[in-house]
Amino acid sequence: MSQTADEKARSETPEHDREIGHDEFDPIGTLTLIGIYFLILVFLWFFMYFVEFLGNDPTVVGGTLVFAATGERLR
Amino acid sequence: MTNTYIESFPAEAKVVRAAFYSSFLALAIGGLFGIVQTLHRTGYYRFMDSADYYTVLTAHGVLLAITFTIFFLVGVFTWAVTTSLDRPVEDIRFTWVWYGLMVVGTVLTAIPIFAGFTDSEMSASVLFTFYAPLQGHPLFYFGLVLFVVGTWLAGADWFRSWWAWKQEHPDERIPLPTFMVLTTTLMWYIATLGVAAAILLFLLPWSLGLVESVNPLLTRTLFWFFGHPVVYFWLMPAYMMWYIMLPKISGGKLFSDPLARVVFVLFLILSVPTGIHHQYLDPGIAEGFKFIAMTNTMFLLLPSLLTAFTVVASMEHGARQRGGTGYLGWLKALPWRDPVFAGMALAGLMFAAAGFSGMINAGMNINYLVHNTFWVVGHFHLTVGTAVALTFMAVTYWFLPQVTGKELWSRSVALGQVVLWFVGMTFMSNAMHRGGLLGIPRRTAEPQYEGFEFEAAVGSVGELDAQIALGGALLTLSLVLFFANVIGTALNSRSDDLPANEYADTLSGPSDAPLVLDNLKLWTAIAIVLVIFAYSFPLLSIIERGGLFGPELTELPVSIGPGLEYLSTTTVSTVTTAGETAIAIIAGVGS
Amino acid sequence: MRISKGALLVVIAFTAPLIVELRTVLAWVNVELTVLESAVLGIGLIGVLLVWALWPQSQNNATESAETE
C-alpha cells in the first residue's frame, strides 16, 4: 500500500479495523436486509387486500377479484 | 488548528448558519402548533376555538413544509457547493441578497397567517395547499412569490459557482455533492413554474380583486404540478446526507458514485410529471391522464429503491471495516452511539415504512380508499416529518460545530433526542394510518360526530387518539431537547478539537460513471418533454371545460366573520343545483 | 455488556412498533389483549432485552469486549 502513515492515521477512526477495497467488498448483508424488506412489502401488499378491500364495500377491482377467487359475487 | 468549515469559508459559514437558525425558528413555531393540533383534534385539550384550528394548521404546514425544510436546504446546498468545489461563493453580497429575500418572503407570508388569530380583516387560513376557492390575503401570495424568487436566486448562485469552477477545471467531472445540488435545482426550477403560474396569473390577481374568479381545478392542478416535486425538494438534501455523510460516519465509503448520479438524474426527470396523482379524486381530469401520472409515480420507486440499496451497502461497508461480520451481525458494528448516525439510520428506516404507505397512495384504485383520510397525514409525517426532519436534526449535530466552530453541547442528549423522535413518530404516525383506514378525515378540527362512530376492528378510536396524543407529546419533548442542544452549542466557547469538514470517499468513483450522466442539458430537456406529455392535455382539457378564469365562482374569504356573512348571503343568491343536492343530502342524513 | 449502550437504546426503541401492533396481529389469531396487558407485555419484553444486554458474558468474551471498548 502506498498510503503514508500520516494519511492512514487520518483516515482511520479508532474503531477502524481493516481496509476493504472495491473488489473485496461483498454486500451480502445488504442483500439480506433488502430481501427482508422486500418480503415485508410483499406480505403487506397481500395484507392490504384484506384490510382495504374486504374491510370495505365492494369496488370495481375488489368485486371482480373476489368473484374470480371464490366464484361468489359481493353484494 | 482544525479544518472546519468555518475556518475554510468564514463568510459562507455565516450565511449557512443564518439559514439553519431561520429553519430552526420555523421548526420551533411549527412544532408548537403541532402539539396544539394534536391535543385539539384528539379532544384531550381544547383551549382555542375550533375555527382557529385551521389557522394553526396553516401555520404548521407552511412553516414546516416550506420554511423549515427549504431554509435548511439552502444552508446544506451552499455548504455542499463550496465544500465540494473547494471555492467560496462568487459574490457573498449576492448570497446575502437571496437569503434576505427568503426571510422577507417568509415574514410577509406569516403576517396574514398569524393575523388569522386576531379580529382583523386580514387572514390567510388557506392551509399549506392553498386551493381556490379558499382565498387568502394578497400579502400571503406575495410573500410566497418573494420566497420562491429567493430560492431561484440561490440556485443561480450555485450554478454560478459551478460555471466559474468549470472554467478552471474544464476536464473534471462535477463533484458528486455539486452534481446533486445542480440536478435538484433544475428540478426545482421546472416545478416552481407551476406554483408561479398559479399565484401570479390567477390567485394573486383574484385576491387583489383584479379578476372576478378563477378556475379552481386549474389552480389546483398547477399547485400539484409544484406540490409533488416539492416533496423531492425536501427529500433531496436528506438523500444527499445519506449518500455523502452516512457512509463516512459509518466508517466506510459510498458504494457507488455513478449510482448516486443515476438516482438524482431520475428524480430530475420523474419528479414533476406525477403531480396529478394527488388529484385521483378530482372530477374533471380524465382517468387516462391519472393513469399516466400513476405510471410515472411507480417509476419513481426505482430511484428510491436504488437509494435503499446504495445507502445500506455503504453502511455495510463501514460496518465491515469496523470489524462487523455475518449476514446481519454487521449491524452491531455500526456506530449507534453517534447521534448523527443513529438519527439518519432511524430516519431511513421510517422512510422504508413510508415507502409502503406511499405505494398505497400511488395506486389509483387503492388511493380512493384512503384519499383525504388521516392515513395520508400519517404517510407524510413519516416522509417529510421523519425521513427529512429527523435526518436534518441528526446532521445538525454534525453541521453545528462546522458552522459555529463550537463543540456540540451534549452528544448523549442528542442521541436521546433522535431516538425519542423515532418512538414518538411510531406512535403518532401508526395511529394516524390506522385511523385513516377507519375513514377518519384529515384537515378536521373535531373528527368526532354525534350519532356516528368509526368502527375499529381491533382496539378503539379512543386508543388511537391516545396513541396520537402520546406520540405528539414525545415529539414535542424531542424538539425541546433538540433546541436545548442548539442553544447550548451556540453558547459554548470556540473549540480547537473538531472534526474536519469532509464528506465520504467512494468505492466506485466518478470515473466509473458514463459521461452522459453529467450532461445536465440533456436531462433537463427530457424532463421538460415528459412534463409536456403529462400535463399539456390535462391542462388544455381543464381550460376548455372550465375556462381560464373559470365558471362563476364566489371566493370564500377564510376568516370567520366574513365567512359566515358569505354563507348567509350566498346561500340565498347563488344557490346552484349542486348546492341544492348537497342540502338535500344533508337533510336526508339528518332526518 | 453484550452491545453498546447506544445500540441497546436503539433496540429498545425498535420494540415500540412491535408492541403497538402486537395486539392487532394477535387479534387475527383470536387472541384479544387489553391495553394494560399489551403494556405489561411490552415492559416485560424490554426487561428481557435489558437482562440479555446487561448479563455478564462468559470470561472468554468478557476480556474480549473489554479490549474493544
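Numbers restart at 1 for each chain; the letters A, B, ... are given by sequence-line order, proteins then strands. Note that the coordinates shown come from a computational prediction; the quantities given were computed from them, not determined experimentally.
Using a 4.5 Å cut-off between heavy atoms, A:Asp23 makes no contact with chain B at all. Using a 4.5 Å cut-off between heavy atoms, B:Lys248 makes no contact with chain A at all.
Note on ring orientation: taking the six-membered ring where Trp is involved, the planes of A:His22 and B:Phe255 are parallel (angle under 30°, cut-offs 30° and 60°).
Here the side chain of B:His317 pairs no donor or acceptor atom with the backbone of A:Phe25 at under 3.5 angstrom. B:Gln321 contributes no side-chain N or O that, together with a main-chain N or O of A:Glu19, makes up a donor-acceptor pair within less than 3.5 Å.
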Can you give the donor-acceptor pairs under 3.5 Å from side chains of residues 35-45 of chain A to other protein atoms, not counting sequence neighbours?
from: A:Tyr37; atom 1: OH; to: B:Ala352; atom 2: O; distance (Å): 2.6

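Looking only at side-chain heavy atoms (C-beta outward), A:Leu33 and B:Trp330 come within less than 4.5 Å of each other.
Looking at B:Arg320 and A:Glu24, no side-chain N of the basic residue comes within less than 4.0 Å of a carboxylate O on the acidic one, giving no salt bridge.
Taking a 6.0 Å sphere around CD of B:Glu407, one finds it holds 12 or fewer heavy atoms contributed by other residues, nucleotides or ligands.
Between chain B and the options A:Asp26, A:Ile28, A:Ile34, heavy-atom pairs under 4.5 Å are most frequent for A:Ile28.
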